[in-house]
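Start at 1 with the first residue, then count along the sequence.
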Amino acid sequence: MKKQGYVFILVSFLAVGMPVSAFSQQTDYWSAKRLEFSTAVSYEFSLLETSYFHQYSPPFLSGPYKSNAEQTIYLNGKQSWGLSAAISYFPLRKLGLQLQFEYGKPRIEGTNTAYDILLNYAIGSFAGSPPYPYIFEKSYDWPNTEGYLTQVCLSLNALVRFPFSERVALYISGGPTYFRTSGEGVGVTYSKFWIEEGYFVGETYQMKFKFGPINKLGLNIGAELNWVLFSNVSLAIDMRFYGTPKESPRLQIQRNEMLADSIDEVRKTMNLHDIDINPSFYRAHVGLKYLF
């Protein structure tokens with residue numbers, strides 16, 4: 001997989017770049033280190049990959065009508081920078097507990113289908129049933145999805161430390177994770193039509209959408225390489241997977257300042273439904289760890 005490949009490349013780079021002398025067998029240094037605090041910059045690879053089929057009946061305000069509009073929007077998570085922090089305690093030389101915080105805001109992008117409209121309408125007090133005498137049909141090449149996710153994760157991990165020398169140690173950790181995920185962007189479309197001074201008039205709007213927050217439990221697992229730089233400060237490089245089942249929150253439309261209609265009426269007309277969201281992601285981080 002492409003995302004996993006980045007992790008393997010980084011691990012290989014570290015393995016080649018680290019001097020062999022760092023792996024001497026003296027490991028008394030780690031026995032005295034019970035408390036650790038770390039801060040890091042993260043690079044996240046979102047696993048969001050979903051679509052939303054939007055279909056509804058655009059209103060015609062000047063007479064009887066039958067209408068249909070539809071499009072498919074795509075939401076694909078992208079890479080982003082984030083922040084992480086952790087505090088760990090080792091009651092035993094190699095076994096410990098860790099409280100870890102992770103924050104990221106990956107972008108959302110997607111190439112959407114065209115926005116297709118079909119309106120069959122009559123003017124005035126036409127008494128018959130459809131089909132009506134007038135037809136408006138058009139396909140718009142509409143802008144693609146743009147937005148972002150907001151992800152906060154809090155984890156409680158079991159931690160195992162494998163000292164290689166007084167300068168180098170490998171940590172393996174994993175445990176339950178609380179996920180809080182929300183998202184917003186643009187890409188969903190709304191239209192309305194009417195007759196004004198004998199002319200057919202229509203307006204089409206690009207609407208902002210949002211979903212969540214999604215609150216779920218999942219897990220994380222990963223490995224961290226620590227290289228002591230001086231005294232009680234080490235360089236920490238961590239690769240980790242955060243996983244949780246998909247969730248299907250309701251897609252919500254936000255107010256558009258260019259549209260004077262009641263947002264509640266617009267939401268009712270657009271007939272919004274659930275969207276499948278995968279909050280899981282990979283991430284790598286690089287930071288400093290303070291050992292006491």
Side-chain angles (χ1 to χ4, degrees), residues 1-11 41-56 69-84 102-116 140-155 174 176-190 206-222 238-254 270-285:
M1 294 175 62
K2 184 177 180 180
K3 296 180 176 64
Q4 292 172 315
Y6 288 110
V7 175
F8 291 132
I9 290 172
L10 183 56
V11 172
V41 175
S42 302
Y43 195 60
E44 180 178 321
F45 303 85
S46 172
L47 297 183
L48 175 65
E49 187 172 336
T50 190
S51 63
Y52 179 86
F53 179 63
H54 177 45
Q55 184 178 39
Y56 73 107
E70 60 184 51
Q71 67 178 149
T72 300
I73 66 170
Y74 292 90
L75 288 75
N76 298 316
K78 299 298 180 179
Q79 298 83 11
S80 74
W81 294 99
L83 298 171
S84 63
E102 186 77 26
Y103 171 82
K105 204 164 189 175
R107 292 179 294 111
I108 301 173
E109 296 179 357
T111 302
N112 301 329
T113 65
Y115 175 62
D116 298 322
Y140 295 88
D141 289 329
W142 205 246
N144 294 325
T145 301
E146 292 184 2
Y148 60 86
L149 294 173
T150 300
Q151 294 185 303
V152 177
C153 293
L154 187 63
S155 304
T177 298
Y178 166 75
F179 288 76
R180 183 176 176 86
T181 305
S182 59
E184 60 181 83
V186 293
V188 181
T189 314
Y190 174 74
Q206 180 169 260
M207 305 296 291
K208 295 181 180 179
F209 66 82
K210 65 178 181 178
F211 55 83
I214 301 168
N215 297 289
K216 290 187 72 66
L217 285 177
L219 56 81
N220 79 98
I221 187 169
D238 184 286
M239 291 79 171
R240 192 162 300 273
F241 169 70
Y242 290 84
T244 189
K246 294 181 180 180
E247 184 73 11
S248 299
R250 178 63 57 91
L251 195 70
Q252 304 174 55
I253 295 300
Q254 302 187 71
M270 293 182 71
N271 190 32
L272 301 168
H273 57 88
D274 296 347
I275 181 171
D276 293 333
I277 298 297
N278 182 6
S280 302
F281 60 95
Y282 292 93
R283 77 104 172 94
H285 84 205

About how many Å separate [atom2] of [Y] and [atom1] of [X], when rounded to the nearest 0.5 Å?
| X | Y | atom1 | atom2 | result |
| --- | --- | --- | --- | --- |
| S280 | L219 | OG | CG | 8.5 Å |
| T177 | I221 | OG1 | CD1 | 10.5 Å |
| Q79 | E44 | CD | CD | 10.0 Å |
| I73 | H54 | CD1 | NE2 | 8.5 Å |
| L272 | R250 | CG | CZ | 7.5 Å |
| T189 | F209 | OG1 | CZ | 11.0 Å |

Would you check if [X] and [Y] make a side-chain contact, meaning some heavy-atom pair closer than 4.5 Å?
| X | Y | value |
| --- | --- | --- |
| F211 | L149 | yes |
| T244 | T181 | no |
| T150 | Y103 | yes |
| P176 | L217 | no |
| V152 | Y178 | no |

Using the side-chain hydrogen bond (donor to acceptor under 3.5 Å, both in side chains) rule, pick out the option among D274, D276, T50 that qualifies with S248.
-> D276

Does [Y] offer a backbone N or O that forms a donor-acceptor pair with the side chain of [X] under 3.5 Å?
| X | Y | answer |
| --- | --- | --- |
| N76 | G110 | no |
| Q151 | P279 | yes |
| S46 | K78 | no |

What's the shortest heavy-atom distance between [X] and [Y], and which atoms?
| X | Y | value |
| --- | --- | --- |
| T72 | S51 | CG2-CB, 4.1 Å |
| W142 | G187 | CD1-O, 3.9 Å |
| G222 | R240 | N-NH1, 3.3 Å |
| A114 | Q71 | O-CB, 3.6 Å |
| S42 | E102 | OG-OE2, 2.8 Å |
| N112 | N144 | N-OD1, 3.0 Å |

Are the aromatic rings of H273 and F53 close, with centres under 6.0 Å apart?
-> no

Taking it one step at a time, do E247 and F179 satisfy side chain to side chain contact (heavy atoms under 4.5 Å, CB included)?
-> CA-CA 11 Å; E247 184 73 11; F179 288 76; over 6 Å; no

Should we count [atom1] of [X] as having more than 12 external heavy atoms under 6.0 Å?
| X | atom1 | answer |
| --- | --- | --- |
| K216 | NZ | yes |
| Q55 | CD | yes |
| E146 | CD | no |

Using the six-membered ring wherever Trp is involved, compare the ring planes of Y282 and F241 and label them parallel, tilted or perpendicular (cut-offs 30° and 60°).
-> tilted

Do the ring planes of Y56 and Y190 sit parallel (below 30°), tilted (30 to 60°) or perpendicular (above 60°)?
-> parallel

Apply the ring-ring contact (aromatic ring centres under 6.0 Å, His included) test between W81 and each candidate in Y148, F45, Y43; give the one that qualifies.
-> Y43

